[in-house]
Amino acid sequence: VRVRVVLGIGLLLVAGALVAEMSRAAPRTAGSDHTSMVAFSASVPGGGRLCQIAPRLSPEASSAQVAIGTFGRQVPALTLRFFGAADSEVGAGHRPAGGREGLVTIPLARRSAAEDATSVCLLVGGKTAVRLAGERGSIGGSSEVVNGQRQGGRISILYLRPGKQSWWDLLGVVDHRFGLGKTSLFGDWTLLAAALGMLSLWLAAIRLLAHELK
Amino acid sequence: VIAFVNAAIWGVVVPPFQVPDEIAHFAYAQYLAETGKLPPHGRGAEYSPQEKTALEHLFFFSEQGHRNMRGILTGAEDRGLRVALAKEPSPVGQGGSTSATNQPPLYYALEAVPYWLSPSHDILTRLALMRLLSALMAAGTVLAVFLFLRELLPASPWSWTVGALAVAFQPTFDDIAAGVQGDNLLFLAAALSFFLLLRSYRRGLTMRRAIGIGAITATGLLAKLTFVALVPGIAIALLLLTWRALPQGRRAALTALAAAAAAAAVPVGLYALLNVVLWHRGGPIAGGIADVTHSRLSAHHVVTFAQTLNYIWQLYLPRLWFMHPTYFSGYPLWRTWLNGSIGHFGYLDYSFPGWVYTYGRYLLYGLVALTVTGLVHVRRGLRPMLPIFACFGMMAAGLLGAIGYAGIRYRLSTGHPFEQARYLFPLLALYALFLILAARGAGRKWAPAIGAALVLLAMAHGLFAETLTISRYYG
């Protein structure tokens, strides 16, 4: 009886904690430009412009984040512009001056849903230089271009989904992502199968405990 | 079955190559499977063109070690990966030096089987099948822990299930079991060693058991170099078993000892010989542990015995006032071993919230107190086991010492910490025993209920580690 009571109470607690965790709303990622924030990789003077190839502008993105260093000064106005293959603007965002250095968020508006971005430019307002985080590297075709001058490295841009979302809201998205980048035997069904597998596993383990620990 | 399915699910949850060092372990297995030879461990390319293509299009290098980065999140990125792999880059690499190429080949030779059996030549399908073999080894480890506890506590069947399930759901163990990782065979060989030694101690050293101990020792030595640390303890245990068998027949006991030694030494000797004469891997042990830990230390930089002892002490125990220098900013018992066991996952780039580790420490205090009480309760039953447990203690001390020995050299060589909680997992059988004694500490009446609570806690721990993993890679 003691074992069954412990198992019953434990299961209720775990289920409650799982529901609470799944219901917790927070900003969720919509991907990135696949450049990590390892170091400050670019220095852009006030009024300057940094451009680089964009792997794509995530269709789920409603804002972008860059890590910026301002040497203790206020963050200047920042404008992001994404361009498609024919140099047409497919998305843009602006953040007015203000706030402290670190990870800053720039709200985005996508102008064209059909066309994907091929390049992105960041316009830095104000008069003083800022530094941007990303990966350093040798000068190449995908390197950043600051005021027309190619430099070694790329800056990191993270994308966020709109507002705050719980895992319940995101279930369909996570289900889709879960099947990507794995063996082609997997697909949208894989997360559901894994969840059912886990559930069966729990039932089997609880049954085993209830039976063996009489 | 539960352990296998759990590890297999972990293998589906963790994205390709995101298990610690999986890229290097896969590269070794792929080279062996494709060429029939061991990697020459030289300056050539580390990964095959096929693996390199997969890693680049999975955005592995930007994602690895960066918690806010993700791999493939869109259908377009997935199509990019498929298109790149459809160009059929060569699966044959150059076997260049990685963190795994100095290791012995047994795990990789076994992983070559699912690699060959894969119905598809797609690298990701092969990886998924190879991960299943790791899951099978993890299940074998759990079974060995079950058998160990059954041998030790035959009158407490509840303890066998509790100990085995607690190991099966340990998330750091499952994180390794999820991937192509040589540690999986090491953990299996170590758990089987504990079981076979205990069985031989209780039931006597027969020829079959002696050969079994030797064979498992050879398996461990050919699985991962770390197993060397357990060998002195195993050797002393074998001598103890032989001494206990002498009254039943001197000749039979000594023959069994010789058989165990031969079963261990012959395959290892053959491997060492082949390393020199056939595979030309730079010596009998292909560079050994030193190749990984301190190959970059300058020739005149000698790490003294006193420094090594000092480091080993500080790695597990509070630093004493006369110990200089201070090697760690925090206390490794908590930061590395406890917190790492609770969970620092992937390439150590994501963890639980801080409060989990704080409460984990409080829980440990409670468990230690219960274990001490449990030891008092079962002291009579365990007293006859003290000699073999002294040998287990030597095996554990050997492992702790070896981690510290390698750790100080690696740290001085690279400036980075070496130690990870998983390095202690060859001692999983003792971890299970620790939990059983804690349950027993609550008294005979309550022991099964506390055992059930501990298993449920382990299951919840595993479940939330999986949701954490899903949020890390897909959320």
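Note that the structure is a prediction, hence the values are computed from the model and not measured. To find a chain, count down the sequence lines: A is the first, B the second, and so on, and within it residues start at 1.
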Shortest non-hydrogen contact from V3(A) to A452(B)?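 Answer, listing the atom of V3(A) first, then A452(B): CG1-CB, 3.9 Å.
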Of the backbone (N, CA, C, O) and the side chain (C-beta and beyond), which part of [X] lies under 4.5 Å from a heavy atom of chain B, both, or neither?
X	value
A17(A)	both
L180(A)	both
L7(A)	both

Residue [X] versus chain A: region with a heavy atom under 4.5 Å:
X	value
V455(B)	side chain
A453(B)	both
I9(B)	side chain

Give the member of V5(B), I72(B), I2(B) that has the highest number of heavy-atom pairs under 4.5 Å with chain A. I2(B)
Chain A: which of L463(B), V1(B), L127(B) shares the most heavy-atom pairs with it under 4.5 Å?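 Result: the option with the highest number of such pairs is L463(B).
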Would you check, one step at a time, whether the test side-chain contact (heavy atoms from CB on, under 4.5 Å) holds for L124(B) with F186(A)? CA-CA 10 Å; L124(B) 299 174; F186(A) 293 168; over 6 Å; no
Assess the residue pair V14(A) and M459(B) against the criterion (side-chain contact (heavy atoms from CB on, under 4.5 Å)); give the C-alpha distance rounded to whole Å, side-chain angles, the decisive distance to 0.1 Å, and a yes or no. CA-CA 9 Å; V14(A) 172; M459(B) 289 167 68; over 6 Å; no
Measuring from atom CD1 of I470(B) to atom CG of L191(A), what distance do you get when rounded to the nearest 0.5 angstrom?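 One gets 5.5 Å once the value is rounded to the nearest 0.5 Å.
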Within the supplied structure, the quantity of interest is the number of heavy atoms (other residues, nucleotides, ligands) at a distance under 6.0 Å from R150(A) CZ; does it exceed 12? yes
Every donor-acceptor pair from chain A to chain B under 3.5 Å, please, each on its own line.
residue	atom	partner	partner atom	Å
H34(A)	O	S62(B)	OG	3.3
H34(A)	ND1	R70(B)	O	3.4
H34(A)	NE2	E77(B)	OE2	2.7
R177(A)	NH1	Y474(B)	O	2.8
G181(A)	N	D78(B)	OD1	2.8
K182(A)	O	R82(B)	NH1	2.9
K182(A)	O	R82(B)	NH2	2.6
K182(A)	NZ	V12(B)	O	2.7
K182(A)	NZ	Y474(B)	OH	2.7
T183(A)	OG1	T125(B)	OG1	2.8

